[in-house]
Number of protein chains: 2
Amino acid sequence: MVDVRILLIEDDEKLAERTAEYLQSHKATVEIVPDGERGLERAASGEHELVLLDLMLPGIDGLELCRKLRQRSKVPVIILSARGDEVDRIVGLEVGADDYMPKPFSPRELLARIRAVLRRHSAAQGDDEDSVTTGPLEIDRARRTATIAGASCELTAYQFDLLWLLATQAERVLSRNQLHAQVRALRGEPAMDFDPTVDRSIDVHLSKIRQALDAASPGRGAAMIKTVRGVGYVLSPQG
Amino acid sequence: MVDVRILLIEDDEKLAERTAEYLQSHKATVEIVPDGERGLERAASGEHELVLLDLMLPGIDGLELCRKLRQRSKVPVIILSARGDEVDRIVGLEVGADDYMPKPFSPRELLARIRAVLRRHSAAQGDDEDSVTTGPLEIDRARRTATIAGASCELTAYQFDLLWLLATQAERVLSRNQLHAQVRALRGEPAMDFDPTVDRSIDVHLSKIRQALDAASPGRGAAMIKTVRGVGYVLSPQG
DNA sequence: ATCCGCCTTTACGGGGCCTTCACGCCCCAG
DNA sequence: CTGGGGCGTGAAGGCCCCGTAAAGGCGGAT
């Protein structure tokens, strides 16, 4: 297991710390968030490859969080819960969790579950749709072609990956950080720090994409990608 | 996934209902049969594209049912079983099942497996072809000959395998990693690590193939194989 | 043992494109 | 109105991706 980015949503600080340390010693990157609100936000960011979710959280119900998360992201989730009964387990799986881990657990056991979930998930990877259509824009992942209003659009590798991410998550505002992390994840590259106030490469790429779209379909093209000032970018069909 | 007809053979009414609802919400048509006798009959009817089979059925052993079904139909089968041990899985796959899903499972994961099985199945459909024609290029797998615009083309073993893979997946961009893995699979060799930034053999072979194609049909030949910078190669009929 | 193909590796050159820098614009706060 | 931060985008530099010739290595055939 190398360079897996894990989000741990857990309010018990000591437990979280211990767990994180163990996982880090096995070459994982762990981010700890102690509350549900921000947990959901971080989990949906697309910057992690796995979410460990404690059910007993202050403020928000873990199951509800999981259901909401599932509407916004496909990231695998393992639920951690002190209530180890079967009912909880079934309910957990029903709201979209991928596995269920009763507390207390040994770190080793958790690691085994994590590996199993990641393996299953990557095995099922290939069946995501390999094309998306949003408004006049069609993107084919297998052929790596993008057409807008029927006109084909020349894109470089990085530009294509970015447009793919925006299109598969249309109507959703993505920060530069998210875009950067997701492109790296898409390519199977390890995560990297990224400071959007210094590194403007995402902006430049998006500028180029807009130019390419506009060249293929003057007027319509560039307008599809909107800038959300202070936040990031969003692809919106109706321009 | 659109309009997949699924047969669910399951006697636990509540579980069957829940599962069916989830699948229907993802655009599948689900027929539920709670007993083995009629299950086998319906499964062999050819009216479904996939069968989900619970092993613990009243009356008939699920494994036996699967074996009998396999004699009468090629419909893909996913076995559902409460006994999640490895032995059961092996036996299940041995009697002709396409995948094995231990209970309890998350509906989401089941859906992923269904998609994977369907994809494998449809991919395997067109695989028995012994020859492929894309544009001016004709490749005969049995005789191991390639002709372009009627002119025969001298290729070594590795070059032929590569061209075959590109031709059977024309218009699809394949990474060096994929090409390497698929050639090995084609020859029944075990998978191997492959770092395309270091190992340039794929590039060299493709260079040779282009030369061979161009020698056979100057102008047309080499242009058929396009390089997608930063990604891989794609064979495209119209050059 | 020697030769001969063929696959792999190495090396080098060319060029595409990712990044960075810079400048100017726009938006908003004060 | 004015200042500052966020953003668009042209230009430049350099990294690294790729094509291809050539050498090395390995097995099979004679």
Side-chain angles (χ1 to χ4, degrees), chain A residues 144 146 153-166 173-177 179-184 186-189 192-215 221-235, chain B residues 144 146 153-166 173-184 186-187 189 192-215 221-235:
Chain A
R144 278 192 95 80
C153 185
E154 294 297 319
L155 295 173
T156 69
Y158 204 105
Q159 290 164 18
F160 182 87
D161 288 342
L162 269 183
L163 186 57
W164 170 261
L165 288 172
L166 286 167
V173 181
L174 298 167
S175 73
R176 288 159 231 271
N177 253 314
L179 288 170
H180 182 257
Q182 289 183 25
V183 167
R184 294 193 72 86
L186 195 63
R187 301 180 165 192
E189 295 168 357
M192 263 192 64
D193 282 358
F194 182 79
D195 181 357
T197 62
V198 178
D199 192 329
R200 305 285 312 283
S201 57
I202 296 283
D203 303 62
V204 176
H205 282 129
L206 273 150
S207 169
K208 296 286 176 58
I209 294 174
R210 289 206 257 237
Q211 287 172 21
L213 290 178
D214 217 51
M224 290 195 69
I225 300 177
K226 287 184 200 153
T227 304
V228 181
R229 190 181 174 84
V231 185
Y233 297 92
V234 59
L235 189 137
Chain B
R144 284 191 88 78
C153 186
E154 293 298 318
L155 294 174
T156 68
Y158 203 106
Q159 290 165 19
F160 182 86
D161 288 343
L162 268 183
L163 186 56
W164 169 262
L165 288 171
L166 285 167
V173 180
L174 298 168
S175 73
R176 287 159 233 273
N177 256 315
Q178 287 174 341
L179 288 170
H180 182 257
Q182 288 184 23
V183 168
R184 294 193 71 86
L186 197 61
R187 300 179 165 191
E189 296 167 358
M192 261 193 63
D193 281 359
F194 182 79
D195 183 355
T197 61
V198 178
D199 193 328
R200 306 287 311 283
S201 55
I202 295 283
D203 302 61
V204 176
H205 283 129
L206 272 149
S207 172
K208 297 287 177 59
I209 294 174
R210 289 207 256 237
Q211 288 172 20
L213 289 177
D214 216 51
M224 291 194 67
I225 300 177
K226 285 186 204 154
T227 303
V228 182
R229 191 179 177 84
V231 185
Y233 297 93
V234 58
L235 190 138

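Naming convention: chains lettered A, B, ... in sequence-line order (proteins, then strands); numbering from 1 in each chain.
For B:Val231, the side-chain contact (heavy atoms from CB on, under 4.5 Å) test picks out A:Arg144, A:Ala157, B:Val173, B:Val228, with sequence neighbours left out. Applying the side-chain contact (heavy atoms from CB on, under 4.5 Å) criterion to A:Glu154, with sequence neighbours excluded, gives A:Ser152. For A:Asp199, the side chain to side chain donor-acceptor pair (under 3.5 Å) partners at least two apart in sequence or on another chain are A:Ser201. For A:Arg200, the side chain to side chain donor-acceptor pair (under 3.5 Å) test picks out no residue, with sequence neighbours left out. When the side-chain contact (heavy atoms from CB on, under 4.5 Å) test is applied to B:Gln178, the partners found at least two apart in sequence or on another chain are B:Leu174, B:Ser175, B:Gln182. Contacts of A:Asp195 classified as side chain to side chain donor-acceptor pair (under 3.5 Å), with partners at least two apart in sequence or in another chain: A:Thr197. Contacts of A:Ala181 classified as side-chain contact (heavy atoms from CB on, under 4.5 Å), with partners at least two apart in sequence or in another chain: A:Glu47.
Between A:Gln211 and D:dG10 there is a side-chain polar atom (N or O) within less than 4.0 angstrom of OP1 or OP2. Contact annotation: A:Tyr233 side-chain N/O to D:dG6 OP1/OP2 distance is not under 4.0 Å. An OP1 or OP2 oxygen of D:dG8 is reached within less than 4.0 angstrom by a side-chain nitrogen or oxygen of A:Thr227. B:Thr156 has a side-chain polar atom (N or O) that falls below the 4.0 Å cut-off from OP1 or OP2 of C:dC7.
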Look for any protein N or O under 3.5 Å of an N or O in nucleotides 26-29 of chain D and output each such pair with its distance, or none.
none

Under-3.5 Å N/O pairs linking protein and nucleotides 19-26 of chain C:
unit_1, atom_1, unit_2, atom_2, d
C:dT20, OP2, A:Asp199, OD1, 3.1
C:dT20, OP2, A:Asp199, OD2, 3.2

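Sorted by first and then second residue, the ring pair (Phe, Tyr, Trp, His ring centres under 6.0 Å) pairs with a member in residues 192-215 of chain B read B:Tyr158-B:His205, B:His180-B:Phe194; sequence neighbours excluded. Contacts classified as salt bridge (charged side-chain N to carboxylate O under 4.0 Å, His left out) and involving residues 174-183 of chain B (residues at least two apart or in different chains) are given here: B:Arg176-B:Asp203.
Rounded to an integer number of Å, the gap from CG of B:Leu155 to C1' of C:dC7 is 15 Å. Atom P of nucleotide D:dG8 and atom CD1 of A:Ile209 are separated by 12 Å, given to the nearest angstrom. Between the C1' atom of C:dC7 and the CZ atom of B:Arg176 lies a distance of 17 Å, rounded to the nearest Å.
Taken over five-pair windows at either terminus, the axes of the helix from C:dA1-D:dT30 to C:dG30-D:dC1 are inclined to one another by 30° (rounded to 10 degrees).
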